[in-house]
Chemist: 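Sending over a structure as structure tokens; questions will come in a sec.
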Amino acid sequence: MVAALNACIEASDLLFGLILHIEAIARRLLYVDIVHNTLLNMYLKCRSLRHAINLFDGLLERDLVTWNTMISGYSAFGFPESALHLFGRMLLENMQPDQATFLAILKVSLVTGSMTEGKLIHGVITEFGTETFLNVGSSLVDMYAEWGNLEDAYNIFFHLPERNIVTWTAMAAGCNQHGRGEETIQMFQQMQQEGIQPDRILFISVLQACSAVLGLNQGKVIHTNILDQGLELDNMVGSAIVEMYLKCGSFQFAQRIFAEMPRKSLVVWNIMIAGCAQHGVHSMVMDFFDDMLAENLSPDAATFVSLLSACSHTGNLEVGCWHFESMVTKYGIFPTLDHYMCMVDLLGRAGSMNDALDLLHTMPFTPCQVGWRSLLTHCRTWGEVSFARSCFDNLLLLDPDEPTCYALMSEVYANAGMWDKSLEIEEMRKAAALWKLPGEALIEVGEKVYSFTVGDKHESYYELSRKLKALGDRLRNIDHVPFAVERECSI
DNA sequence: TTAGGGTTAG
């Protein structure tokens with residue numbers, strides 16, 4: 001019976017599972033713990049919460065596994081209140097929770113989207129003395145790290161009596177997800193010094209961190225480690241390697257690894273298509289898209305974001321509109337806000353400002369900052385001063401504390417020679433005490449990544465200034481006309 | 001019953 005139920009789980013065959021349930025009743029097997037627990041698990045894995053609840057409520061006796069399975073099921077189905085309620089019932093019935101109970105309960109805070117619940121659950125876990133268990137501790141690290149509360153995550157991480165690859169990965173991935181890629185790479189190095197062998201899951205996080213900090217050389221070292229462990233043929237590791245090379249600027253390496261991948265998932269095709277768009281090889285976007293279709297893969301929402309973006313950058317309005325329409329008619333994918341934003345950008349970049357505005361107003365989403373800012377950016381290109389002012393006013397209504405729109409509007413006025421208006425906008429920005437964060441450039445030399453922003457004084461300042469001036473002269477020689485007021489750059 | 005992982009522009 002148990003083997004047959006596990007086969008149902010494997011095949012997601014709910015109908016066969018229901019027949020086995022009837023058979024279990026007829027043969028009076030439902031009183032056996034392992035039978036009713038496997039049945040419960042089968043219903044949850046076959047995505048039938050209703051059947052699982054009926055079975056659970058009808059049982060005369062429930063052991064710890066029964067409670068844990070049901071709590072875990074409620075969390076997995078996105079019913080955190082029911083999971084917590086069941087946990088309370090379990091305590092009232094004097095059932096002592098174990099590690100598995102807390103692992104299931106910890107998922108609740110991720111489902112509810114609230115750190116407060118997570119902290120309360122952490123308190124309960126501490127009271128039961130299971131905080132320092134390896135799996136519970138790792139889950140706590142993961143929970144805090146996912147919430148971006150890296151300090152609490154570190155605190156638990158360092159106080160655990162032991163840490164394994166899962167604990168390290170939870171901490172390293174958390175740093176990576178919250179913009180601390182350098183720390184992820186440092187953790188990876190430290191972990192190896194402590195004699196822990198990285199695995200495929202950790203490699204994926206560390207490769208993403210290399211992509212984020214543009215650490216091509218570091219990425220190459222990781223790639224070598226992956227080859228040493230023979231993990232390069234793993235589908236998800238391969239995708240992460242391709243992505244790392246693309247984001248770190250090495251298109252040829254990415255192309256080679258991609259070509260060598262034995263099985264290519266839709267995700268890695270999407271990564272490659274987006275990479276072509278990022279690298280400006282727009283003709284290859286369409287080539288890769290056609291190749292993907294030839295492999296009998298159907299595009300998804302992410303594919304179309306890359307396609308529409310590529311059409312926007314090549315100014316290919318007609319092809320972009322065709323893809324936008326074919327999303328629904330040919331592939332049954334309904335455009336999300338992201339797709340509408342790509343279309344607003346596409347229309348605006350092509351100079352069809354009224355069509356872009358119409359789309360912004362008629363789309364089934366409330367116009368957001370992204371759309372208005374995109375339009376405002378293109379008004380700058382096309383010198384649409386009054387149109388720009390309308391976009392600017394809409395942006396102020398949505399968020400008056402966002403500094404970028406002031407800079408754009410001021411620039412539009414300056415380009416039109418309306419200096420008084422330009423200064424007026426600058427005054428508005430100053431009165432609101434808003435300052436745009438300067439852009440940051442990352443350059444890798446050896447295994448170190450250097451960050452540059454306006455106003456920095458690097459040790460090679462004079463040498464770099466001479467180089468910049470020479471580049472500026474070359475740009476002027478090819479008739480490049482910079483926007484608005486040219487400001488002196490200093491590094 | 002039982003901890004960690006992938007893509008998308010503006």
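Letters A, B, ... mirror the listed sequences (proteins, then strands); counts begin at 1.
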Chemist: Do T38(A) and N41(A) have side-chain atoms, one donor and one acceptor, less than 3.5 Å apart?
Modeler: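 Note: T38(A) and N41(A) side chains miss the donor-acceptor criterion.
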Chemist: Can the positive tip of R47(A) be found less than 6.0 Å from the middle of the six-membered ring of F77(A), inside 45° of the ring normal?
Modeler: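 So R47(A) does make the cation-pi contact.
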Chemist: For a quick check of understanding: with a heavy-atom distance under 4.0 Å over all strands, which category does R62(A) fall into, base, sugar-phosphate or nothing?
Modeler: nothing
Chemist: Under 4.0 Å, counting only non-hydrogen atoms across every strand here, what does I165(A) touch: a base, just sugar-phosphate, or nothing?
Modeler: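 Counting heavy atoms under 4.0 Å across all strands, the contact made by I165(A) includes a base.
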Chemist: If you look at every strand shown and take non-hydrogen atoms under 4.0 Å, does Q208(A) touch a base, only sugar-phosphate, or nothing?
Modeler: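 Touches sugar-phosphate only.
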Chemist: For S138(A), report the nucleic acid contact type (base, sugar-phosphate, nothing); a contact means any heavy atom under 4.0 Å.
Modeler: base
Chemist: Check each of M327(A), H323(A), M292(A) against T303(A) using the side-chain contact (heavy atoms from CB on, under 4.5 Å) test, and report the only one that passes.
Modeler: M292(A)
Chemist: Taking atom CD of Q192(A) as the centre, does the number of heavy atoms from other residues, nucleotides or ligands within less than 6.0 Å exceed 12?
Modeler: yes
Chemist: Using a heavy-atom cut-off of under 4.0 Å over every strand shown, decide if A240(A) touches base, sugar-phosphate, or nothing.
Modeler: nothing
Chemist: OH of Y31(A): more than 12 outside heavy atoms within 6.0 angstrom?
Modeler: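 Counting other residues, nucleotides and ligands, OH of Y31(A) stays at 12 neighbours or fewer.
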Chemist: Identify whether any heavy atom of T167(A) sits under 4.0 Å from a base atom; if not, whether one sits that close to sugar-phosphate; answer base, sugar-phosphate or nothing.
Modeler: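 T167(A): no heavy atom of the nucleic acid under 4.0 Å.
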Chemist: May I ask you to say what L134(A) touches in the nucleic acid, namely base, sugar-phosphate or nothing, with a heavy-atom cut-off under 4.0 Å?
Modeler: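 It contacts base atoms.
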Chemist: Would you indicate what N37(A) reaches in the nucleic acid, counting non-hydrogen atoms under 4.0 angstrom: base, sugar-phosphate, or nothing?
Modeler: nothing
Chemist: Got a sec: does the CD1 of I34(A) have more than 12 other heavy atoms crowding it under 6.0 Å?
Modeler: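 No, because the 6.0 Å sphere around CD1 of I34(A) holds 12 heavy atoms or fewer from other groups.
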Chemist: Does anyone know the first and last nucleotide of DNA chain B in reach of chain A, 5' to 3', at under 4.0 angstrom to a heavy atom?
Modeler: dT1(B) to dG10(B)
Chemist: Got a sec, which residues hit side-chain hydrogen bond (donor to acceptor under 3.5 Å, both in side chains) with R200(A), two or more places apart in sequence or on another chain?
Modeler: D234(A)
Chemist: Could you tell me whether D338(A) contacts a base, only the sugar-phosphate backbone, or nothing, with contacts defined as non-hydrogen atoms closer than 4.0 Å?
Modeler: base
Chemist: Would you mind classifying the nucleic acid contact of S239(A) as base, sugar-phosphate or nothing, using non-hydrogen atoms under 4.0 angstrom?
Modeler: base
Chemist: When all nucleic acid strands are considered with a 4.0 Å heavy-atom cut-off, which category describes T169(A): base, sugar-phosphate, or nothing?
Modeler: base
